[in-house]
Amino acid sequence: MATLESVAQCVITGNLGEIKGQVQELIDAGTAPLDIINEGLIGGMNIVGPRFKAGEMFVPEVLMAAKAMGAGVELVKPLLGGDDMPSLGKVVLGTVKGDLHDIGKNLVGMMLESTGFTVVNVGIDVAPEDFLKAAKDSGAKIVAMSALLTTTMLAMKETVDCFKEAGMNDVKLIVGGAPVSQEFADEIGADGFAPDAATACDLCKKLLGC
């Protein structure tokens, strides 16, 4: 018999085969949709994040967990009104201008969505003014930038400067990627640095006071 705990367990183990049946069973039993999302699906990802951070889980396992969670959310979503889907806040996410890497960025996006954030993924090779436009259009309070090449890290500074010049001081700018460090984040005036996807989620929660 399906329980919120068994749904969470399906997420943790990335069990795509079981998750839909378990979630459907809870829906049929009359379990509140938000409970299924918050306590079952997000509850599972809340265990995955710290395990990933501690090196007890690896990227493929996290991707499977996020996929399992996504499959569960798809079943529950139609039962919620558009505004009922819980969101901790909006985050614009992209790889900076000149950089075409997206695996790390996409993992951050999946982890953020799994934690309860609404993610506006603007893709790769994103110019500073495009980050700015996405933040304005979506009303996001966080912009997360990724770079995998040392040569494209300067585009992060250009983006920070672009937001300052536009007076968008209420938007928090965070950075990550293999060559990026806390020192670099401080140097360019970013609001935070995350070395991995789980830390990025924690940082976004902290910056928004969640």
Side-chain angles (χ1 to χ4, degrees), residues 1-29 31-80 84-95 101-121 123-124 142 144 146 148 174 176-178 192-208 210:
M1 186 181 151
T3 62
L4 291 169
E5 291 75 23
S6 67
V7 166
Q9 198 56 42
C10 281
V11 171
I12 295 164
T13 55
N15 194 334
L16 266 174
E18 290 276 325
I19 188 104
K20 288 185 177 178
Q22 295 260 338
V23 169
Q24 193 58 56
E25 211 177 303
L26 288 182
I27 291 169
D28 294 344
T31 309
L34 282 179
D35 286 348
I36 298 173
I37 287 177
N38 290 330
E39 293 173 42
L41 300 166
I42 292 177
M45 283 308 290
N46 283 344
I47 291 168
V48 170
R51 285 189 183 174
F52 175 56
K53 209 166 157 185
E56 293 164 16
M57 287 180 81
F58 303 98
V59 171
E61 295 166 300
V62 175
L63 291 173
M64 285 303 293
K67 276 183 187 167
M69 182 192 154
V73 168
E74 285 309 308
L75 284 175
V76 181
K77 212 185 259 182
L79 307 175
L80 299 167
D84 290 343
M85 190 70 188
S87 176
L88 297 176
K90 279 185 189 163
V91 180
V92 168
L93 175 70
T95 305
H101 294 90
D102 67 353
I103 293 174
K105 167 186 70 70
N106 290 343
L107 179 60
V108 169
M110 288 174 92
M111 290 286 283
L112 284 169
E113 284 180 342
S114 303
T115 311
F117 287 95
T118 302
V119 175
V120 181
N121 192 334
I124 56 176
I142 294 180
S146 169
L148 200 70
I174 64 173
F193 157 71
D196 57 57
T199 309
C201 292
D202 293 341
L203 179 59
C204 288
K205 282 182 182 174
K206 187 178 163 192
L207 289 171
L208 292 182
C210 300

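Everything quoted here is computed from the prediction, not taken from an experiment.
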4.5 Å side-chain heavy-atom contact, S6 and T3: yes

S114 (side chain) donor-acceptor with A66 (main chain) under 3.5 angstrom: no

K67 NZ to M64 CE distance, which is reported to the nearest 0.5 Å: 6.0 Å

Between NZ on residue K105 and CG on residue N121, distance to nearest 0.5 Å: 3.5 Å

Step-by-step side chain to side chain contact (heavy atoms under 4.5 Å, CB included) determination, V48 to M45: CA-CA 5 Å; V48 170; M45 283 308 290; 4.2 Å; yes

Within-4.5 Å side-chain heavy-atom neighbours: V108 and S146: no

Note, L26 side chain near D35 side chain (heavy atom, < 4.5 Å): no

Considering all heavy atoms, the nearest T115-L88 contact: O-CD1, 3.5 Å

Atom pair CG (L79) and CG (L34), whose distance is rounded to the nearest 0.5 Å: 10.0 Å

Short side-chain to backbone donor-acceptor contact, E25 and A2, under 3.5 Å: yes

Which atom of A65 lies closest to which atom of I12, heavy atoms considered: CB-O, 4.5 Å

Side chain to side chain contact (heavy atoms under 4.5 Å, CB included) evaluation trace for K20 with E74: CA-CA 9 Å; K20 288 185 177 178; E74 285 309 308; over 6 Å; no

Any donor-acceptor pair under 3.5 Å from E61 side chain to F58 backbone: yes

T13 (side chain) donor-acceptor with Q9 (main chain) under 3.5 angstrom: yes

Contact summary for F52 and M57, nearest pair of heavy atoms: CD1-O, 3.4 Å

Could you tabulate the donor-acceptor pairs under 3.5 Å formed by side-chain atoms of residues 193-202, not counting sequence neighbours?
residue	atom	partner	partner atom	Å
D196	OD1	A198	N	3.2
D196	OD1	T199	N	2.8
D196	OD1	T199	OG1	2.7
D196	OD2	T199	OG1	3.3
D202	OD2	K53	NZ	2.6

Heavy-atom pair with the smallest gap, counting every atom of L148 and A178: CD1-CB, 3.6 Å

Side chain to side chain contact (heavy atoms under 4.5 Å, CB included) between M110 and V62, intermediate numbers included: CA-CA 9 Å; M110 288 174 92; V62 175; over 6 Å; no

Pairwise distance OG1(T95) to CG(N106) - rounded to 0.5 angstrom: 7.5 Å

N46 CG to L41 CG distance, which is reported to the nearest 0.5 Å: 11.0 Å

Shortest non-hydrogen contact from A144 toward V91: CB-CG1, 4.1 Å

E39 to A8 - nearest heavy-atom pair and separation: O-CB, 4.3 Å

L107 side, atom CG; L112 side, atom CG - distance, nearest 0.5 Å: 9.5 Å

